[in-house]
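Side chains are part of it too, since the values below use all heavy atoms of this structure and drop only hydrogens, waters and symmetry mates.
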Amino acid sequence: MQETYLYDPSLLLKLDFHRTPATFKPFISATNPGEPWMKVRPLKDTDYDRGFLQLLSQLTHVGNVNRTQFLTRFSQMKASGDYFVTVIEDTRKNEIIGAASLVIERKFIHNCSVRGRLEDVVVNDTYRGKQLGKLIVVTVSLLAEELGCYKMSLDCKDKLIKFYESLGYVLLPGNSNSMTIRYDEGTTLKRNTTSAMAGSSSAAGGDSCQTVSLEFAS
């Protein structure tokens, strides 16, 4: 059966992990993830059968997504050229154990530049201690730079700020609020606003959410 990558896997071969401020002990990279049975690669259209959606369910609600829905969304993402979902596979089990998404926003500002958004970062709980969270985030961050993004941003809970700061992301004082309108929780619009002040809580779940950014040299 022929498999299709979401994006060109050769892009991952161009990433220089010595450029990141992240510290790996021992050193690992997208091409050398630390174990011979681990592989970092783009999402494939066959990853529906490798537990990709089940992994995402460890992060948030996924829903009852069938194979047709998965393949349709995969094709839409690939056709747009702006989605770079990257996964870590345990090839012994034929199972996806880590994932993160880079979404490209095309801008008129900064000379019609592009900005990256880091989304849906998740690692299987049973693989803790192998630096996989750090590996998948650094991989997509370096990928954003390789693709010409002028910066990369993400929203995270307060407790994760230090983790992302160790990877080069910066919390900008006075410019790091996350605001949301939810359309999927009934007929009434719910506005969730989180403050940049330490110790504040979000309207949804008691964990404040901040925006941190990674600037790339022009």
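The shortest side-chain heavy-atom distance between Y127 and D90 falls under the 4.5 Å cut-off. Put simply, the side chain of T139 reaches to within 4.5 Å of the side chain of L12, judged on heavy atoms. Considering only heavy atoms from C-beta on, E146 stays 4.5 Å or farther from L142 through its side chain. Looking at L135 and F17, their side chains come closer than 4.5 Å, going by heavy atoms from C-beta outward. Counting heavy atoms from C-beta outward, M38 and L132 have side chains that approach closer than 4.5 Å.
Using modelled atom types, one finds a donor on one side chain and an acceptor on the other under 3.5 Å when comparing N124 with T126. Between the side chains of S10 and D8, a donor-acceptor pair is found at a separation under 3.5 Å. Looking at Y48 and N66, their side chains never bring a donor and an acceptor atom within 3.5 Å of each other. Between S153 and Y169, the side chains place no donor N or O within less than 3.5 Å of an acceptor N or O (distance only, hydrogens not considered).
Few gaps surround CG on D125; more than 12 heavy atoms of other groups in view lie less than 6.0 Å from it. No more than 12 heavy atoms of other residues, nucleotides or ligands shown are found within 6.0 angstrom of CZ on R128. Remark: Y7 OH is packed, more than 12 non-hydrogen atoms of other residues, nucleotides or ligands lying under 6.0 Å away.
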Steps toward salt bridge (charged side-chain N to carboxylate O under 4.0 Å, His left out) verdict (K44, E3): CA-CA 7 Å; K44 292 180 180 179; E3 298 178 307; 3.0 Å; yes
Pair D45-K78, salt bridge (charged side-chain N to carboxylate O under 4.0 Å, His left out): steps then yes or no: CA-CA 10 Å; D45 58 354; K78 185 172 178 62; over 6 Å; no
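Remark: L56 CG to Q58 CD distance equals 9.5 Å, nearest 0.5 Å. To the nearest 0.5 Å, the span separating OG1 on T91 from CZ on R50 amounts to 10.5 Å. Rounding to the nearest 0.5 Å places CD1 of I96 at 10.5 Å from CG of D49. The distance from atom OG of S213 to atom CG of L154, rounded to the nearest 0.5 Å, is 7.5 Å. How far CG of L53 is from CD of Q69: 9.5 Å, rounded to the nearest 0.5 Å. How far CZ of F216 is from OG of S141: 6.0 Å, rounded to the nearest 0.5 Å.
Nearest heavy atom pair, residue L214 against residue L167, reads CD1-O, 4.4 Å. Shown here for L59 and D120, the closest heavy-atom pair between the two residues is CD2-CA, 3.5 Å.
The side-chain contact (heavy atoms from CB on, under 4.5 Å) test with R117 singles out one residue from L102, D155, I104, and that residue is D155. Applying salt bridge (charged side-chain N to carboxylate O under 4.0 Å, His left out) to E145 and the options K14, R115, K151, R19 leaves one that passes, R19.
Between H18 and F27, the two ring planes are parallel [angle under 30°; tilted spans 30° to 60°].
No single ILVMFWY cluster, assembled from side-chain heavy atoms under 4.5 Å apart, contains both V140 and L13.
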